[in-house]
Student: 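What follows is a structure written as structure tokens; I'll ask about it next.
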Amino acid sequence: MTHLWVRAEQRDNETRVGVTPAGVEKLLRAGLKVTVERSPTRVIPDDAYAQTGCDMAETSSWPDAPADAVVFGLKELPDEGSPLPHRHIMFGHAFKGQPAGLRLLRRFKAGGGTLLDLEYLTDDKGARVAAFGYWAGYAGAAVALKCWAAQQKGRSAGPVGAYDSSTHLLSELQADLISTGTHRPDALIIGALGRVGRGAADLCTAMGVACTRWDMAETAQGGPFPEVLAHDIFFNCILARPGTPVFVPETALDAPRRLSVIGDIACDPDSDFSPVRVYDRTTTWESPALRVCDNPVLDVTAIDNLPSMLPRESSEDYAEQLLPVLLTLGDADDPVWARAAATYNEHATRP
């Protein structure tokens, strides 16, 4: 019997979950064994899972899960160096040469486990079967607008937090913008046709921010892209991959520009393929803006768990997308899981 062990998230400001109680009920009916760790912070309470009839386990007890259990979480594990013997479903960020990712791969190799990376669960055309992208774009655009609003008052953006709903977020952001006057910025979105770009565009539209929407056709010539510097805000909404053009080179810091906020929603500054070359670290909920130039001002916001600002909506949306794939977890021939395992094996065998 396939055993799915849903672990409690151990990262600060992370209350999302990848499967809802309704999804657990369907997994149980399909013959899977499901264990859910208790969590004091998860956006969906423990009682809702307990009522499904699944097994409940103590918080962070997954290291002691049965050897055949598949441990399912969203964000990274504590970076403590211990070997990992289980199969893990999670966002590992381990296949692009990131330092933390390389350490994670060494832990899997030491323990004999396998990383089934959620980013690499794809269909036969290479498209991801489930993604938080829309809500990352939506929340990321909101944070960037908060950065811009703070600049209008001669400040850097203050801390951000989680919201009960997107309606609550919009209400607060509208008040922030109104407090700056009647002028609104304009924005350029690269990756506008994808999930992330659509989320950013929808948030901007709701706030009355005019958007220039680019995708692959507009960036095919490879740069440079002076249009980026000619907008108030730039949103990078594409994943960094080999061959990705550089949208914001280091020279942008000294170039004439209107650009004052970069929302790097894709948020991969450690990657060799990052298209935004003016910063070197992610930002946080406590300090969402990183000032990379003082005159004229340029702030970068690059938070790597943006959907957690809208945990209920993003969890329910993602879980609905992912559930059909979780239902096939016990099928050794399922191509989605086979591709994910092959991707791990390819990277784990590299020196």
Side-chain angles (χ1 to χ4, degrees), residues 1-94 100 103-118 121 130 132 161-162 164 285 304-305 307-309 311-312 314-316 318-320 322-323 325-327 329-330 337 344:
M1 177 184 292
T2 301
H3 185 182
L4 183 69
W5 186 288
V6 182
R7 62 177 170 86
E9 298 295 330
Q10 295 172 261
R11 176 180 172 159
D12 292 343
N13 301 318
E14 185 54 80
T15 63
R16 290 175 296 166
V17 62
V19 61
T20 63
V24 169
E25 289 180 341
K26 291 181 179 179
L27 292 169
L28 293 171
R29 287 200 298 269
L32 279 75
K33 179 180 176 63
V34 181
T35 299
V36 177
E37 291 185 359
R38 298 186 182 278
S39 170
T41 59
R42 186 187 292 124
V43 69
I44 300 175
D46 293 339
D47 287 350
Y49 289 96
Q51 289 170 12
T52 68
C54 72
D55 293 339
M56 301 297 294
E58 291 304 309
T59 302
S60 304
S61 57
W62 58 266
D64 298 320
D68 63 349
V70 182
V71 181
F72 175 31
L74 295 178
K75 298 302 287 186
E76 64 269 22
L77 302 171
D79 192 6
E80 59 188 22
S82 59
L84 296 170
H86 294 93
R87 286 178 290 167
H88 281 257
I89 304 170
M90 59 184 283
F91 288 106
H93 304 293
R103 291 194 297 272
L104 180 64
L105 286 177
R106 286 195 290 270
R107 293 175 66 188
F108 275 108
K109 291 167 70 174
T114 300
L115 170 61
L116 301 170
D117 197 305
L118 288 163
L121 299 183
F132 280 102
D164 290 338
W285 288 37
D304 65 1
N305 64 332
S308 301
M309 292 176 61
R312 170 76 66 166
S314 63
S315 291
E316 291 176 347
Y318 185 80
E320 182 178 5
L322 187 64
L323 181 60
V325 183
L326 290 179
L327 286 166
L329 184 59
W337 296 110
Y344 166 74

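FYI, the numbering just counts along the sequence from 1. In this text the structure is predicted, and so the values were computed from the model without any measurement.
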Student: How far apart are the closest heavy atoms of Pro85 and Pro83, and which atoms are they?
Tutor: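 It is CD-O, 3.5 Å.
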
Student: Could you grab the distance from atom CZ of Arg103 to atom CD of Glu80, nearest 0.5 Å is fine?
Tutor: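 Arg103 CZ to Glu80 CD: 12.5 Å, rounded to 0.5 Å.
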
Student: One pair to check against side chain to side chain contact (heavy atoms under 4.5 Å, CB included): Glu37 and Trp5. What are the steps and the verdict?
Tutor: CA-CA 8 Å; Glu37 291 185 359; Trp5 186 288; 2.8 Å; yes

Student: Which heavy-atom pair separates Leu116 from Trp337 by the least distance, and what is that distance?
Tutor: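 Between these two residues, the closest heavy atoms are CD1-CE3, 3.9 Å.
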
Student: Run the side chain to side chain contact (heavy atoms under 4.5 Å, CB included) test on Val36 and Val17 for me, step by step, so that the C-alpha distance in whole Å, both residues' side-chain angles and the decisive distance to 0.1 Å come before the verdict.
Tutor: CA-CA 11 Å; Val36 177; Val17 62; over 6 Å; no

Student: Over all heavy atoms of both residues, which pair between Ala94 and Leu104 is shortest? Give the atoms and the distance, please.
Tutor: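 Taking Ala94 first and Leu104 second, the nearest heavy atoms are CB-CD2, 4.4 Å.
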
Student: Quick one: is the NZ or CZ of Arg16 closer than 6.0 Å to the six-membered ring centre of Phe132, and within 45° of its axis?
Tutor: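 Relative to the ring axis of Phe132, which defines the angle, Arg16 lies inside both limits.
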
Student: Before you tell me yes or no, could you show the steps for Trp285 and Asn305 under side chain to side chain contact (heavy atoms under 4.5 Å, CB included), namely the whole-Å CA-CA distance, both residues' side-chain angles and the distance that decides it to 0.1 Å?
Tutor: CA-CA 9 Å; Trp285 288 37; Asn305 64 332; 2.9 Å; yes

Student: Rounded to the nearest 0.5 Å, how far does NZ of Lys109 lie from CZ of Arg106?
Tutor: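 It comes to 8.5 Å.
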
Student: Could you tell me whether a side-chain N or O of Ser314 sits under 3.5 Å from a main-chain N or O of Pro307, the two making a donor and an acceptor?
Tutor: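 Yes, Ser314 side chain to Pro307 backbone: donor-acceptor pair under 3.5 Å.
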
Student: Just how far is it from atom CG of Leu27 to atom OG1 of Thr2, taken to the nearest 0.5 Å?
Tutor: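 With rounding to 0.5 Å, CG (Leu27) is 10.0 Å from OG1 (Thr2).
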
Student: For Glu9 and Met90: C-alpha separation, side-chain torsions, deciding distance, then whether side chain to side chain contact (heavy atoms under 4.5 Å, CB included) applies.
Tutor: CA-CA 11 Å; Glu9 298 295 330; Met90 59 184 283; over 6 Å; no

Student: Look only at the side chain of Asp117 and the backbone of Gly92, and say whether a donor-acceptor pair between them is shorter than 3.5 Å.
Tutor: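 A pair under 3.5 Å: yes.
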
Student: When rounded to the nearest 0.5 angstrom, what is the spacing between CG in Leu4 and CG in Asp55?
Tutor: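 Separation between the atoms: 12.0 Å.
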
Student: Write down the atom of Leu32, the atom of Leu326, and the distance for their closest heavy-atom approach.
Tutor: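 Taking Leu32 first and Leu326 second, the nearest heavy atoms are CD2-O, 3.9 Å.
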
Student: I need the minimum non-hydrogen distance between Tyr344 and Leu115, along with the two atoms involved.
Tutor: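 Smallest interatomic distance, heavy atoms only, reads CB-O, 3.2 Å.
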
Student: Write down the atom of Val71, the atom of Arg7, and the distance for their closest heavy-atom approach.
Tutor: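 Nearest pair, atom of Val71 first, then Arg7: CG1-CD, 3.8 Å.
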
Student: With side chains defined as the heavy atoms from C-beta onward, is the minimum distance between Phe72 and Leu322 less than 4.5 Å?
Tutor: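 They are in side-chain contact.
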
Student: Are side-chain N/O atoms of Ser308 and Glu14 paired as donor and acceptor at under 3.5 Å?
Tutor: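 Yes.
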
Student: Any salt bridge linking Arg11 with Glu76? Criterion: basic side-chain nitrogen under 4.0 Å from a carboxylate oxygen.
Tutor: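 Looking at Arg11 and Glu76, the cut-off is met.
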
Student: Testing His86, His3, His88 one by one against Trp62 for a ring pair (Phe, Tyr, Trp, His ring centres under 6.0 Å), which residue passes?
Tutor: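 It is His88, the one option of His86, His3, His88 that forms the ring pair (Phe, Tyr, Trp, His ring centres under 6.0 Å) with Trp62.
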
Student: May I ask you to say whether Asp68 pairs ionically with Lys33, meaning some side-chain N is under 4.0 Å from a carboxylate O?
Tutor: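 Not counted as a salt bridge, because no side-chain N and carboxylate O are separated by less than 4.0 Å.
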
Student: Calculate, to the nearest 0.5 Å, the distance between atoms SG and CD belonging to Cys54 and Glu25 respectively.
Tutor: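 Going from the SG atom of Cys54 to the CD atom of Glu25 covers 9.5 Å.
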
Student: Between Lys75 and His93, is any pair of side-chain heavy atoms under 4.5 Å apart?
Tutor: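 With C-beta onward as the side chain, the pair touches.
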
Student: Within the distance-only criterion (no hydrogens, no angle test), does the side chain of Asp79 pair as donor or acceptor with the backbone N or O of Ala100 below 3.5 angstrom?
Tutor: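 Judged by distance alone, no pair lies under 3.5 Å.
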
Student: Heavy-atom distance under 4.5 Å between the side chains of Arg312 and Ile44, does that happen here?
Tutor: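 A side-chain contact exists here, since the closest heavy-atom pair is under 4.5 Å.
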
Student: Scan side-chain atoms only and decide if Arg107 and Ser82 contain a donor-acceptor pair under the 3.5 Å cut-off.
Tutor: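 Yes - a donor-acceptor pair under 3.5 Å links their side chains.
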
Student: Distance from Phe91 atom CZ to Leu118 atom CG, nearest 0.5 Å?
Tutor: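 With rounding to 0.5 Å, CZ (Phe91) is 4.5 Å from CG (Leu118).
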
